Structures are given as structure tokens and as C-alpha cells.
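Below are the C-alpha cells for one structure; questions will follow.
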There are 2 protein chains.
Amino acid sequence: MQENLKSDATCEERSYGGLENMSGFLISLAQAYVFEHFSEELTPKGMRPAQISALILIRENPGIRHGELAEMLKLKLAYTTKLIKSFEADGWVRREQSEEDRRAIQLYLTPEGAAFVDAMKPVLTESDAARPSGLTARETQQLMRLLRKYLGMDVPGATAD
Amino acid sequence: MQENLKSDATCEERSYGGLENMSGFLISLAQAYVFEHFSEELTPKGMRPAQISALILIRENPGIRHGELAEMLKLKLAYTTKLIKSFEADGWVRREQSEEDRRAIQLYLTPEGAAFVDAMKPVLTESDAARPSGLTARETQQLMRLLRKYLGMDVPGATAD
DNA sequence: TATTGTTATACTCTATAACTATA
DNA sequence: TATAGTTATAGAGTATAACAATA
């Protein structure tokens with residue numbers, strides 16, 4: 001694909017200059033790669049990673065509060081508000097003032113929202129598993145295990161290897 | 001910190017509902033975590049991860065083209081143009097029309113830019129290593145090895161584990 | 001006084017497309 | 001015709017701060 005081997009620089013091996021040994025840099029690149037290969041089925045439905053993840057978390061945790069959702073997804077609370085308002089406008093999410101703490105807002109999926117998530121989750125799971133990478137299935141499991149530990153995510157159901 | 005153990009939902013264990021076994025989701029969370037903990041020394045200097053990485057790559061690969069830089073950093077070419085123009089305005093980068101292919105622009109650091117990178121790179125390296133995570137040093141090496149392989153990054157100098 | 005969520009603004013980066021100048 | 005880069009616009013998500021309501 002590259003045939004121009006003449007320039008003082010264009011032909012040389014490009015170097016990452018130490019960035020290849022920084023975990024932050026590698027994680028950023030991996031993230032860009034993941035976004036680039038995000039599900040071609042979900043994108044046309046207006047679903048970006050943050051959106052489908054939020055709906056899945058609400059599906060899984062009915063009554064979750066704004067702040068809890070933001071923390072689990074590592075989204076800013078201010079942005080979470082916008083996200084949820086748009087879900088509400090779409091008719092997928094219902095907001096309810098908490099009775100214990102009347103400052104808090106609890107989130108629930110509408111029947112339409114729940115049906116949508118139930119239909120889309122297998123699509124997401126499939127597209128995540130199908131995303132091309134240089135890793136074997138076993139290495140992918142290992143990567144996920146390390147990332148969960150990196151994040152301090154306590155997940156009992158995680159595969160041991 | 002949480003004493004409200006009464007709600008139908010607030011007290012229950014929150015579940016990731018399968019997201020914890022999707023590599024794309026875990027990588028996204030890790031990326032958010034990395035950005036959150038980006039060097040407190042570099043940020044006040046107007047350096048975000050993409051910016052300092054770009055400068056390092058130009059430092060390491062004088063004469064690199066716009067497109068090559070965008071590809072290595074997985075940035076969009078359109079955004080790379082803006083980035084480089086702002087570096088040029090800062091006096092850190094010099095742009096030069098390639099002699100072999102007069103469509104291409106080659107990038108070089110000015111002496112000021114080179115001095116800045118040389119001063120900041122140890123800061124970046126240090127802050128990357130110091131970022132708190134749930135991993136041991138050895139696991140971090142393993143994570144980086146897996147990420148490089150995930151990305152198809154061919155790096156001879158990488159630690160073997 | 002501190003906390004939950006809302007609103008608003010500026011900024012970073014993506015997605016897309018139209019454009020130029022070269023090849 | 002295709003490629004390297006530029007410009008512009010819309011959108012996603014961050015950073016920050018001021019604000020209202022409640023604890």
C-alpha cells in the first residue's frame with residue numbers, strides 16, 4: 001500500500017517515541033478503535049455507546065438515580081441530564097421523584113424502552129464480540145479481566161481467566 | 001457514605017447487566033478514567049492527551065505528514081488540521097510542503113517546540129505511571145502488551161511480560 | 001451547610017461533505 | 001480519476017459554574 005520510499009521521512013519506520021509504553025495512550029487508541037467499529041446496526045437508530053449503555057443500566061437497575069447512572073458510566077451529571085431528557089422525549093424512559101429523598105430522580109424504562117433494550121442488547125453483545133482485533137478469544141477475556149481490575153470493578157460473574 | 005437503605009432500588013447492588021463482559025464498554029470506561037486523571041501539570045499548559053501525543057510524535061518523526069499523524073493518533077484528518085494550525089500559531093510546529101508530493105504537508109518542531117516536548121515528556125511518563133489503578137506494575141505491563149496486540153501495534157521494544 | 005439535579009457556556013473531538021491542489 | 005489536505009457545520013461529550021430544591 002505504501003510505495004513512496006524516497007522522502008527523508010516518509011519511508012522511515014514511524015516511532016511512537018515512548019507512547020507505546022504508556023497505558024493511558026494505549027487505552028485512548030483502543031477507545032478510538034472501539035468507537036470507529038461501533039455497531040453498524042445501532043448507530044442508525046441513534047444509539048451511540050453511551051446511549052445504549054445507559055438504557056441497559058436502567059433496564060437492569062430500575063429506580064437507579066441520575067447520579068448513580070452518571071457514576072457507573074463515568075459521564076458528567078450535567079450531560080446525563082440531557083441524555084435522559086432526550087430518552088424521555090423518545091418515550092423510552094420515565095423519571096420519578098424519589099420518595100425517600102425528594103431531591104433525587106429515579107429512572108425507569110417504559111414498556112417501549114424495555115422492548116427496545118431487550119431487542120438491541122443481543123445486537124450489542126454480538127457486535128462487541130465480532131469487532132476485529134489482534135487478540136484471541138482467550139486474550140480478550142484476559143484483557144477484560146485486567147480492565148475490570150484496573151477500574152476497580154467488582155464483578156463476581158466475571159470469567160476467572 | 002450511603003445510609004439510605006430503604007428504597008426499592010437505592011440500596012440494591014447495581015448491576016452492569018452484561019456490559020462488564022463487553023471489551024468495548026470496559027475500554028470506554030478505562031478511557032474516561034484516564035482522561036479524568038490526566039496530568040495536572042500538563043493541563044494548565046493547554047495540553048490535552050491528543051496535543052501532547054501529537055507533539056511527541058512530531059518530535060520523534062520529523063517530516064511526518066498530516067495524514068500519517070492522524071492515523072497514528074487515530075484522529076480525524078479534519079481535526080488534525082486545526083490542531084496543527086494552533087501549534088503553528090503557538091510557534092511550536094513548522095509546516096512544510098513536501099517536495100516529493102506537493103499535496104503533502106510535512107511537520108517539524110521549532111526549537112521552542114522541541115524544548116517544550118523534551119521538558120514535558122518525562123512529566124507525562126511519570127504521570128502515566130503514577131495514575132492510580134487496581135493493577136500491579138506487572139499487570140499493567142501485561143495490559144499494555146494486550147492493548148498493543150489488540151491494536152495491531154508492532155513494537156519491537158515492548159516488554160515481553 | 002451540603003447534596004441532587006438543572007441550566008448554560010465554552011471547549012474538544014467526531015462525522016460528514018464540499019472544496020483545492022496536486023498526482 | 002484518485003489522493004492530501006482544508007474548511008465548515010452539526011453533534012457528542014467534557015469542564016465549569018451558577019442555580020433551585022431539598023436534606
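Lettering follows sequence order; numbering is per chain, from 1. Quantities reported herein were computed from a predicted structural model and do not represent experimental measurements.
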task = Check each residue of residues 46-57 of chain A for a non-hydrogen atom within less than 4.0 Å of any atom in DNA chain C, then write out the ones that pass by number, or none.
result = none
query = Which part of the nucleic acid, if any, lies within reach of I105(B) when heavy atoms closer than 4.0 Å are counted: base, sugar-phosphate only, or nothing?
reply = sugar-phosphate
ask   = Salt bridge check: are R14(B) and E68(A) linked by an N-O gap of less than 4.0 Å?
value = yes
Test applied, salt bridge (charged side-chain N to carboxylate O under 4.0 Å, His left out); reference residue, K121(B); option that passes from E126(B), E41(B), E60(B) = E60(B)
key: 5' priority, DNA chain D, between A104(B) and A32(B) [closest heavy atom]   = A104(B)
query = Hey, does the side chain of R95(A) come within less than 4.0 Å of dT6(C)'s phosphate (OP1/OP2), counting only N and O?
reply = yes
query = Nearest-Å distance, NE2 (H37(B)) to P (dT14(D))?
reply = 15 Å
request  = Evaluate the criterion salt bridge (Lys or Arg N to Asp or Glu O under 4.0 Å) for residue pair R95(A) and E88(A); output intermediate values, then yes/no.
outcome  = CA-CA 8 Å; R95(A) 291 147 39 90; E88(A) 203 181 20; 3.3 Å; yes
inquiry  = Nearest whole Å is fine: how far is dA15(D) C1' from L77(A) CG?
reply    = 13 Å
query = Does dT7(C) have OP1 or OP2 sitting under 4.0 Å from an N or O in the side chain of K85(A)?
reply = yes
query = Rounded to whole angstrom units, what separation is found between the CZ atom of R103(A) and the P atom of dT22(D)?
reply = 10 Å
message = Is it the case that the side chains of Y150(B) and R131(A) hold a donor-acceptor pair, with the cut-off being a distance below 3.5 Å and no angle test?
response = yes
key: T81(B) vs dG5(D): side-chain N/O to OP1/OP2 distance below 4.0 Å   = no
task = Find the distance E100(B):CD to dA21(C):C1' and express it as a whole number of Å.
result = 17 Å
message = How many whole angstroms separate atom NE2 of H66(A) from atom C1' of dT6(C)?
response = 10 Å
key: Geometric class of the W92(A)/F116(A) ring pair [parallel <30°, tilted 30-60°, perpendicular >60°]   = parallel
Gap between atoms NZ and P, on K82(B) and dT12(C) respectively (whole Å) = 8 Å
task = May I have the distance from F35(A) (atom CZ) to dG13(D) (atom C1'), rounded to whole angstrom?
result = 9 Å
message = Please report the distance, rounded to the nearest Å, between CZ in R102(A) and C1' in dT4(C).
response = 13 Å
message = Just checking E96(B): does its CD atom have more than 12 heavy atoms from other residues, nucleotides or ligands closer to it than 6.0 angstrom?
response = yes
ask   = Taking atom types as modelled, is there a side-chain donor on R102(A) or Q97(A) under 3.5 Å from an acceptor on the other?
value = yes
K76(A) side-chain N/O to dA12(D) phosphate OP1/OP2 under 4.0 Å = no
